[in-house]
Amino acid sequence: MSMKVYLPNGSELTLDDGATAFDAASAISRGLAQNALAAKVNDIVVDLNRPLSDGDTLAILTFDDAEGKSVFWHSSAHILAEAVQNLYPGTKITIGPSIEAGFYYDFDKETPFTPDDLAKIEAEIARIVSEKKPFVRSEMNRDEAEKQFAAQGETYKVELLNDIEGDPSFYSCGSWSDMCRGPHVPNTGVIKAVKLLSVAGAYWRGDVTKKMLQRIYGVSFPKKKDLEEYLHLLEEAKKRDHRKLGKELDLFSFHDEGLGFPFWHAKGSIIYNEVANYSRQEHFKRNYDEVRTPVILNEELWHRSGHWDKYQENMYFVSIDDKAHAIKPMNCPGGLLIFKNSPRSYRDLPIRNFEFGLVHRHEKSSAMHGLFRVRQFTQDDAHIFCTPEQIEPEINDVIDFIFSVYKTMGFNDFFIELSTRPDKFIGDLEVWDVAEKALQNVLDHKGIKYKLNPGDGAFYGPKIDFHIRDSLKRSWQCGTIQLDFSMPKRFDLEYADSDGTKKTPVMIHRALLGSMERFIGIMIEHYAGFMPLWMSPVQVKVMTISDKFNGFAEEVTKKLRASGIRAEMDYRSEKVGYKIRDAETHKVPYMAVVGEKEMEAGSVSVRLHKKGDLGVLTVDAFIALLNDQIINKKAYEE
RNA sequence: GCCCGGAUAGCUCAGGGGUAGAGCAUUUCAUUGGUAAUGAAAAGGUCGGCAGUUCAAAUCUGCUUCCGGGCUCCA
């Protein structure tokens, strides 16, 4: 008897009855059979040795597939756990999933792992891999499983068992086994290269009230070369770290005198101001008005807004004339007071008030991270007050606005999350439902892919967040759009509608870049410090072949600066190669080399960083070239 | 807040119970050189802070501050 299965490319494959996914892979090609890690049958990822049925759709998963990687890393975590229990008997196992890049396993062990331990564990893993032990799936009656765990002292597994419906499945490698849904790679031998990266504490089930476990992070690959490449990539990524580049390029610093409060140096301030100027222009184009609200406001306001209830621990307080005041953690209450200051008509709506709002939040010191997580930052914030009918078009426009700004900044790779009502919220349930639906509608109508994050909304409304990854692929929230029916009510905002009745406006909180600090940090990493010309702190370095041409070089520098170009001259009596190297390492985009020929012709030799000599241009032509790129905010061609 | 690791010159880092090392950067002198490092010299440090052990601590121990990697948190 034979059966047919359907492959991803639409073709069908005829197999003997009882054939497995591995048999199918072998039938397709020997290479595929060699690289096969798992299979996807009717959209479910399963073990390769699982028998197929007639009519199944089948995809063979290799390390090139995201799901293949995930199985590979999950199996690696199993081997890690076995290695740890072999070396450190009495260590309890918990969970060990695959993650975006690699895997981890959480252990309960009396003494924490040391870096030396990691090396030993790696060696034990290599031994297990060399045994090429098959992963064998089995099922066990749950009572029996519980008995076994109790006998082994695997208390965490008992707890996990309680959350499972039906009988649990197990995967064993030789004598070692772990309760697991699977699937797994065929045998330990496929995991050729494993590197344990770090140890960290992690609460059992992510709950602070529970015990802290010892987590080991690792990564693995089917080939040694892949691991080497990955580790090299990691090293390269670390060189892009904005904290490192911020120091090297003299952009910003942090000091013990004000932990978490960034100091913007001259060069960093230029980037900051260029971004802010650009933002202002774009807001102007889109009919926003810029406002400015105070940094300190009395405490009562924060009670009214609900922030005090929820975030007082993260707020700073000061006393003025014996009255309690708070330093603003958000700009919205100030924005509400501006709206409330004048009578409003439906004809005024939507009102779009934009603000570079300087906020302070007391983040835990352990949470701080360069410019990404600070205690003082500036939001490119806006509050849109509108009628219910205007919600969807306004949100639609904001999303377009964000896309446009991110594009100019050079970001195509970001992702979107829709976060819904949290446990601690204000306002009515029905209103929340309407608000969530509105956000979802806009996203759906625009055909935007997003991840749903249930329970992660702001306390006053649901939100759409825009996340961008840093050089180490950690994601950070940047843009945000939050729909709020509660604050306007709490602050008794109203407008006169066309029928003369008073109505409460809807408020949309939104930020495009989010935090200026965070976004600039992300940009520094994105560009590896090679900022686009328009925001480069130094756009041109003028340098002479010898001191004899300093006079002319000074004229050139002056002329460039008179045209608004940030040019600096390197006066040092060094060879031009030295000055070029210096400019290159400081990531200055353009170098203007001046010698005898240039002085006679009134020209400069133009050099672009990373590219090299572009030839000779007259000073005017050079200025025109620069201005074209600056005004149009052009990116460098790669 | 919790777990682990770290802190030596402006930067990157080596060293290690007996008066502190390198490279780069800085300053000075010589050199005036055509697209990623000219040569020489000088200067630069309470080895994060406090206590303890010791004849002697940058080195060992404890505490503490800050930094890094995670967990938790992130309006």
Side-chain angles (χ1 to χ4, degrees), chain A residues 104 106 111-115 117-118 197-217 238 241 243-244 247-248 250 254-256 259 302 305-315 328-333 359 361-370 372-374 379 419 422 424-426 456-461 463 465 472 474 476-477 480 482 484 487 509 511 515 518 543-550 573-585 591-598 605-616:
Chain A
Y104 68 77
D106 285 347
T111 51
F113 295 104
T114 66
D117 291 337
L118 290 193
L197 298 169
S198 60
V199 275
Y203 299 106
W204 169 233
R205 304 207 139 174
D207 185 339
V208 266
T209 63
K210 300 216 161 92
K211 185 163 184 184
M212 179 152 279
L213 307 171
Q214 301 297 323
R215 175 172 298 180
I216 296 179
Y217 282 94
K238 281 180 189 155
D241 189 314
R243 293 167 298 185
K244 190 174 160 68
K247 206 182 270 182
E248 285 171 7
D250 197 16
F254 289 94
H255 301 271
D256 289 352
L259 293 175
W302 304 99
S305 70
H307 287 96
W308 196 88
D309 276 345
K310 203 160 186 261
Y311 292 107
Q312 52 170 305
E313 279 179 15
N314 296 306
M315 290 169 66
K328 71 176 172 183
M330 282 196 85
N331 306 300
C332 40
V359 296
R361 297 178 182 178
H362 182 248
E363 301 286 357
K364 286 181 278 192
S365 63
S366 53
M368 289 193 293
H369 186 99
F372 290 167
R373 193 85 180 266
V374 288
Q379 294 176 309
S419 299
K424 257 177 122 179
F425 67 97
I426 58 173
D456 234 17
F459 70 92
Y460 45 75
K463 57 176 186 166
D465 290 328
L472 288 173
R474 294 176 287 212
W476 298 89
Q477 185 198 304
T480 184
Q482 308 174 354
D484 179 2
M487 293 284 168
H509 310 239
S515 145
R518 175 177 290 182
M543 51 191 69
T544 51
I545 299 296
S546 97
D547 293 346
K548 287 182 280 191
F549 316 110
N550 277 4
S573 298
E574 296 288 350
K575 288 173 152 183
V576 72
Y578 180 89
K579 297 181 196 175
I580 285 172
R581 182 185 155 78
D582 193 64
E584 290 276 357
T585 55
M591 284 149 270
V593 179
V594 168
E596 189 151 19
K597 287 180 292 185
E598 291 81 5
S605 243
V606 177
R607 184 190 160 97
L608 176 59
H609 68 178
K610 297 197 282 186
K611 273 267 162 53
D613 200 349
L614 297 185
V616 179

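Reminder, nothing fancy here: chain letters follow the sequence lines and each chain counts from 1. Remember, predicted model here, so these are calculated numbers, not experimental data.
Taking atom P in both B/U8 and B/C67, the straight-line distance is 14 Å, to the nearest Å. Taking atom P in both B/A43 and B/G5, the straight-line distance is 40 Å, to the nearest Å. A distance of about 15 Å separates the C1' atoms of B/G6 and B/U64, rounded to the whole Å. Rounded to whole Å, the separation between the C1' atoms of B/C11 and B/G17 comes to 30 Å. Only the P atoms considered, B/A22 is 24 Å distant from B/C29, to the nearest whole Å. A distance of about 29 Å separates the C1' atoms of B/G39 and B/G15, rounded to the whole Å. When the C1' atom is used for both B/U31 and B/U65, the distance is 49 Å, rounded to whole Å. Taking atom C1' in both B/A57 and B/C47, the straight-line distance is 11 Å, to the nearest Å.
Within the 4.0 Å cut-off from OP1 or OP2 of B/G69, at least one side-chain nitrogen or oxygen of A/Arg474 is found. Side-chain nitrogen and oxygen atoms of A/Tyr217 include none within less than 4.0 Å of the OP1 or OP2 phosphate oxygen of B/C3. Put simply, A/Tyr578 has a side-chain N or O that comes within less than 4.0 Å of OP1 or OP2 on B/A25. One finds no side-chain N or O of A/Arg361 lying less than 4.0 angstrom from the OP1 or OP2 phosphate oxygen of B/C74. Taking only side-chain nitrogens and oxygens, A/Arg243 comes nearer than 4.0 Å to OP1 or OP2 of B/G69. Remark: A/Lys597 is not in phosphate contact with B/G34, judged by side-chain N or O atoms under 4.0 Å from OP1 or OP2. For B/G68, neither phosphate oxygen OP1 nor OP2 lies less than 4.0 angstrom from any side-chain nitrogen or oxygen of A/Lys238. For A/His362, no side-chain nitrogen or oxygen approaches OP1 or OP2 of B/C74 to under 4.0 Å.
Annotation: of the two residues near RNA chain B, A/Arg607 and A/Lys244, the 5′-most nearest-nucleotide partner is A/Lys244. Nucleotides of RNA chain B nearest to A/His369 and A/Val593 differ in position, and the one nearer the 5' end is that of A/Val593.
Within the 4.0 angstrom heavy-atom criterion, base atoms lie near A/Asp547. In this structure, A/Val576 reaches the sugar-phosphate backbone alone: every heavy-atom distance under 4.0 Å involves primed, P, OP1 or OP2 atoms, never a base. Residue-level contact check: A/Tyr460 touches the backbone only, with heavy atoms under 4.0 Å from sugar-phosphate atoms and none from bases. In this structure, A/Pro329 reaches the bases: a heavy-atom distance under 4.0 Å links it to at least one base atom across the strands shown. Note on A/Asp582: nothing from the nucleic acid sits closer than 4.0 angstrom, heavy atoms only. Among the heavy atoms of the strands lying under 4.0 Å from A/Glu596 is at least one base atom, whether or not backbone atoms are also near. Within the nucleic acid shown, A/Ser366 comes within 4.0 Å of at least one base atom, counting heavy atoms only. Using a 4.0 Å heavy-atom distance criterion, A/Gln379 is classed as making no nucleic acid contact. If you check every strand for non-hydrogen atoms under 4.0 Å, A/Ala200 touches a base. When heavy atoms are screened at a 4.0 angstrom cut-off, A/Gly206 is found touching the sugar-phosphate backbone but no base atom. Here A/Leu259 lies in heavy-atom contact (under 4.0 Å) with sugar-phosphate atoms only.
At least one donor-acceptor pair under 3.5 Å links the side chain of A/Arg361 to the backbone N or O of A/Pro329.
On a pure distance criterion of 3.5 Å, no polar donor-acceptor pair joins the side chain of A/Gln214 and the base of B/G70. Donor-acceptor pairing under 3.5 Å, judged by distance alone, is present between the side chain of A/Lys364 and the base of B/U72. Residue A/Ser198 places no side-chain atom within donor-acceptor reach of the base of B/G70, judged by atom type and a 3.5 Å distance cut-off alone. A donor-acceptor contact under 3.5 angstrom links the side-chain atoms of A/Ser605 to the base of B/G34.
Looking at A/Met591 and A/Met543, their side chains come closer than 4.5 Å, going by heavy atoms from C-beta outward. At least one side-chain heavy atom of A/Trp302 sits under 4.5 Å from a side-chain heavy atom of A/His307. Inter-residue side-chain proximity for A/Ser605 and A/Lys597 is flagged as unmet; no heavy-atom pair is nearer than 4.5 Å. By the 4.5 Å heavy-atom criterion applied to side chains, A/His509 and A/Tyr460 are counted as neighbours.
The separation between A/Trp476 atom CH2 and B/C74 atom P is 14 Å, rounded to whole Å. Rounded to whole angstrom, the span from the CG atom of A/Leu197 across to the C1' atom of B/G5 amounts to 15 Å. Atom P of nucleotide B/A75 and atom CG of A/Asp484 are separated by 14 Å, given to the nearest angstrom. Between A/Met315 atom CE and B/C73 atom C1' the separation is 17 Å, expressed in whole Å.
For A/Gln482, the side-chain atoms get nearest to B/A75 when compared with the rest of B/G33, B/A75, B/U35. The nucleotide whose nearest atom lies closest to any side-chain atom of A/Val199 is, among B/C4, B/U35, B/G34, B/C4. Between B/C71, B/A75, B/U72, one nucleotide has an atom nearer to the side chain of A/Met330 than all others, and that is B/A75. Of the candidate nucleotides B/C71, B/C74, B/A36, B/C71 has the atom nearest to the side chain of A/Arg215.
Atom NZ in A/Lys364 sits 8.0 Å away from atom CZ in A/Arg373 (nearest 0.5 Å). One finds the CD1 atom of A/Ile216 at 13.0 Å from the OH atom of A/Tyr104 (value rounded to the nearest 0.5 Å). With rounding to the nearest 0.5 angstrom, the OH atom of A/Tyr578 is 11.5 Å from the OG atom of A/Ser573.
In the displayed structure, A/Glu248 atom CD is contacted under 6.0 Å by more than 12 heavy atoms of other residues, nucleotides or ligands.
Judged by Watson-Crick or G-U wobble contacts below 3.5 Å, the nucleotide B/U19 has no partner. Pair check for B/A14 finds none; no Watson-Crick or G-U wobble contact set falls under 3.5 Å. Pairing for B/A56 is absent, with no Watson-Crick or G-U wobble pair whose two atom distances lie under 3.5 Å. Taking a pair to require two hydrogen-bonding distances under 3.5 Å in either a Watson-Crick or a G-U wobble arrangement, B/C74 remains unpaired. Pair assignment for B/A7 gives B/U65, based on Watson-Crick or G-U wobble hydrogen-bonding distances that are each under 3.5 Å. Judged by Watson-Crick or G-U wobble contacts below 3.5 Å, the nucleotide B/U38 has B/A30 as its partner.
Ion pairing between A/Arg205 and A/Asp207 fails under the 4.0 Å rule for side-chain N and carboxylate O.
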